[in-house]
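Here's the structure we're looking at; comments come further down.
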Protein chains: 2
Amino acid sequence: MPVINKQKTTKTATLSRNSEATKTQLLDAAEVEFAVTGLIGARMEAIAAHTGVTKATIYYYFPSKEELYRAVLGRCFTEALGMMEQLQLDCLPADAALVRLLEQMLDCMSQNPRIGSILSLEAIQNKGKYYPKHLGDLLYGTIIEILNQGMTAGVFRELEPRHTAVNIVGTCTFYFTAQENLKYLWPGKRLLGKDLLQRHRQESIDLIMAGVRN
Amino acid sequence: MPVINKQKTTKTATLSRNSEATKTQLLDAAEVEFAVTGLIGARMEAIAAHTGVTKATIYYYFPSKEELYRAVLGRCFTEALGMMEQLQLDCLPADAALVRLLEQMLDCMSQNPRIGSILSLEAIQNKGKYYPKHLGDLLYGTIIEILNQGMTAGVFRELEPRHTAVNIVGTCTFYFTAQENLKYLWPGKRLLGKDLLQRHRQESIDLIMAGVRN
DNA sequence: AAATTTACTGACTCATTAGTTAGTTTAACC
DNA sequence: GGTTAAACTAACTAATGAGTCAGTAAATTT
């Protein structure tokens, strides 16, 4: 393993055996593990092994399994939050804004389907204890706002915005979280392959838009 | 605890300390446990304690944790299958048939939201290893058939039936499985309470029907 | 090059867990 | 009322898992 440090004496930016990289790798491995097993089911040993370090190394970076879980959630949803914030929907009419938001959500799930699994497990196993409410507020708040706007403008039919928002999010996530139960519906095809994903994206947007439009 | 047996000598129907009842109670407790933790996370001790017996009693009835899990799944989906089969949708036009099916699915989830959780966990944790394919075939097969029929009849728009079927099931389940993450959207209200449930049922049906109709 | 700090490990502890077994209690049948 | 079989338990085993700690190796500083 050559090349550890590129800059030599830039403050504390570079660390001896590259602790920043190790930490990131641990978070990556932990994300995968938590996305399959949830908090309780996750094995610290498995996370360590997958990272190529010993279990004790995890405790060098994170005080406990629970805090590691919090860190994983934090990183996931900071990402998602960033994507949401750069959407700039205010200047768009309601229907265009909703299409844009749907595209973003579906692409987000395609890029990292683990987010959906983690949130599902979080709800089912931990009763939402670690659920990042500010993300929920932002996501559901944005959808509800768009729906209200659309109703006022007359482009959307009269609907209950909160229930509809929940159903929209459900539509954007189910395909990904239930993947493994659904795969036999498309024998021999990869559900996260380019063509099926593309098709699913379009079908989901069409269904929702037809569902809300007047 | 008085009254154990009502009929006295009806074959082997009545058992000494009522084994049939114990078995049912064990399955009930196991269903609750598995619906929260999944197969790997479930604690046999917890299932036993909740039933009011010792752990060893479970092994008197079931050879292993895995077989207990299989038995729980079996019972859940025999129920669901029974509900599906008595629907009699063949004689109905596509749109009425879909409404009927949606009502049934939503009511099924309302009555036992654990089904959705168990299926979600099954997909995420076990990669669908124990997923009852015959149930999936029946459910998705029925929806796809109705959608095709509706397109032929011209009452439904041109859509891809499989993706749409997945989205329909997603809409019918997400509210229930993600309950605990969503509760803060309705502060002070019970998501599975009569009024919210009723409202959600109607909103979901409206969204889907508007989404598929021509 | 010696001293110090940072990154990391091996070998532990103690709690928990699936599964077992030998034995006990309760009811059923004669 | 004594025998037998079914229902159930207490007390185990063996394995695994979260978390600890003393110590080592590599890099950085002096």
Side-chain angles (χ1 to χ4, degrees), chain A residues 1-27 29-30 33-34 36-72 125-126, chain B residues 1-27 29-30 33-34 36-72 125-126:
Chain A
M1 279 83 178
V3 182
I4 302 292
N5 297 330
K6 285 160 187 179
Q7 329 97 304
K8 272 188 175 175
T9 38
T10 336
K11 267 183 167 178
T12 49
T14 58
L15 290 152
S16 56
R17 261 170 287 176
N18 209 350
S19 83
E20 216 51 50
T22 305
K23 199 172 177 179
T24 303
Q25 282 172 49
L26 278 172
L27 284 169
E33 177 80 3
F34 285 131
V36 172
T37 62
L39 172 55
I40 46 161
R43 300 291 157 230
M44 298 298 267
E45 186 62 51
I47 295 168
H50 196 267
T51 312
V53 297
T54 56
K55 201 174 43 157
T57 303
I58 301 181
Y59 291 93
Y60 180 72
Y61 291 99
F62 303 95
S64 66
K65 187 176 165 178
E66 194 188 345
E67 285 306 312
L68 176 58
Y69 182 68
R70 281 208 153 90
V72 168
Q125 296 188 333
N126 309 328
Chain B
M1 281 81 178
V3 182
I4 302 292
N5 295 329
K6 285 162 188 177
Q7 331 99 300
K8 271 187 176 176
T9 37
T10 337
K11 268 181 165 179
T12 48
T14 58
L15 290 151
S16 57
R17 263 169 286 175
N18 208 347
S19 82
E20 215 51 51
T22 306
K23 199 172 176 180
T24 303
Q25 281 172 50
L26 278 171
L27 284 168
E33 177 80 3
F34 285 131
V36 173
T37 64
L39 173 56
I40 46 162
R43 299 293 157 231
M44 298 298 267
E45 187 63 50
I47 295 168
H50 196 269
T51 311
V53 297
T54 57
K55 201 174 41 158
T57 302
I58 301 180
Y59 291 94
Y60 179 72
Y61 291 99
F62 303 95
S64 66
K65 187 176 165 179
E66 194 188 344
E67 284 306 313
L68 175 58
Y69 182 68
R70 282 208 153 91
V72 168
Q125 297 187 332
N126 308 328

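Being a predicted model, the structure only gives us computed values, none of them experimental. The chains referred to below are lettered A, B, ... by the order of the sequence lines, with proteins before strands, and numbering in each begins at 1.
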Completion exercise
Taken to the nearest whole Å, OH/A/Y59 to C1'/C/dG10 is 16 Å
Problem - Shortest non-hydrogen contact between A/E33 and A/A46, atoms and distance - result: OE1-CB, 3.8 Å
Fill in the blank from the handout: Nearest heavy-atom approach of B/A71 to B/L27 is CB-CD2, 3.8 Å
Practice task
Please state how far atom CG in B/L26 lies from atom C1' in D/dA7, giving the value in whole angstrom units.
Solution key: 12 Å
Problem - Distance in angstrom units between B/E20 CD and D/dA6 C1', rounded - result: 13 Å
Practice task
Please report, rounded to the nearest Å, how far the P atom of D/dC21 is from the OH atom of A/Y60.
Solution key: 16 Å
Practice task
Apply side-chain hydrogen bond (donor to acceptor under 3.5 Å, both in side chains) to A/Q25 and list each qualifying residue two or more places apart in sequence or on a separate chain.
Solution key: none
Exercise for the section: Sort and list the pairs that fulfil salt bridge (Lys or Arg N to Asp or Glu O under 4.0 Å) and have at least one residue in residues 58-67 of chain A, not counting sequence neighbours. Expected result: A/E66-A/R70, A/E67-A/R70
Exercise for the section: Check each residue of residues 37-46 of chain B for a non-hydrogen atom within less than 4.0 Å of any atom in DNA chain C, then write out the ones that pass by number, or none. Expected result: B/A42, B/R43, B/M44
Practice task
Applying ring-ring contact (aromatic ring centres under 6.0 Å, His included), name anything that partners A/Y69, two or more places apart in sequence or on another chain.
Solution key: A/F34, A/Y130
Problem - Whole-Å distance separating the CG atom of A/L68 from the P atom of D/dG19 - result: 10 Å
Practice task
Can you tell me the distance, in whole Å, between the CG atom of B/N18 and the P atom of C/dA28?
Solution key: 10 Å
Exercise for the section: Look at the side-chain N and O atoms of B/S19 and state whether any lies under 4.0 Å from the OP1 or OP2 oxygen of D/dA7. Expected result: yes
Handout entry: Set of residues satisfying side chain to side chain contact (heavy atoms under 4.5 Å, CB included) with respect to A/A49, sequence neighbours excluded
Key = none
Problem - Rounded distance (nearest 0.5 Å) linking atom OG1 of A/T54 with atom CD of A/E45 - result: 8.5 Å
Problem - Sub-4.0 Å heavy-atom contacts from residues 47-58 of chain A onto DNA chain C, ordered by number - result: A/V53, A/T54, A/A56, A/T57
Problem - Residues in side chain to side chain contact (heavy atoms under 4.5 Å, CB included) contact with B/Y59, at least two apart in sequence or another chain - result: B/M44, B/K55
Problem - Heavy-atom pair of closest approach, residues B/A29 and B/T51 - result: CB-OG1, 3.4 Å
Problem - Contacts of A/Y61 that satisfy side chain to side chain contact (heavy atoms under 4.5 Å, CB included) - sequence neighbours left out - result: A/S19, A/T22, A/K23, A/L26, A/T57
Practice task
Answer with base, sugar-phosphate or nothing: what part of the nucleic acid does A/Y61 contact at a heavy-atom distance below 4.0 Å?
Solution key: sugar-phosphate
Completion exercise
Here the pair of heavy atoms bringing B/V72 nearest to B/A30 is CG2-CB, 3.7 Å
Handout entry: Bend angle of the helix from C/dA1-D/dT30 to C/dC30-D/dG1, end axes from five pairs each (to 10°)
Key = 10°
Problem - Atom-to-atom span, NZ of B/K65 to C1' of D/dT16 - whole angstrom - result: 12 Å
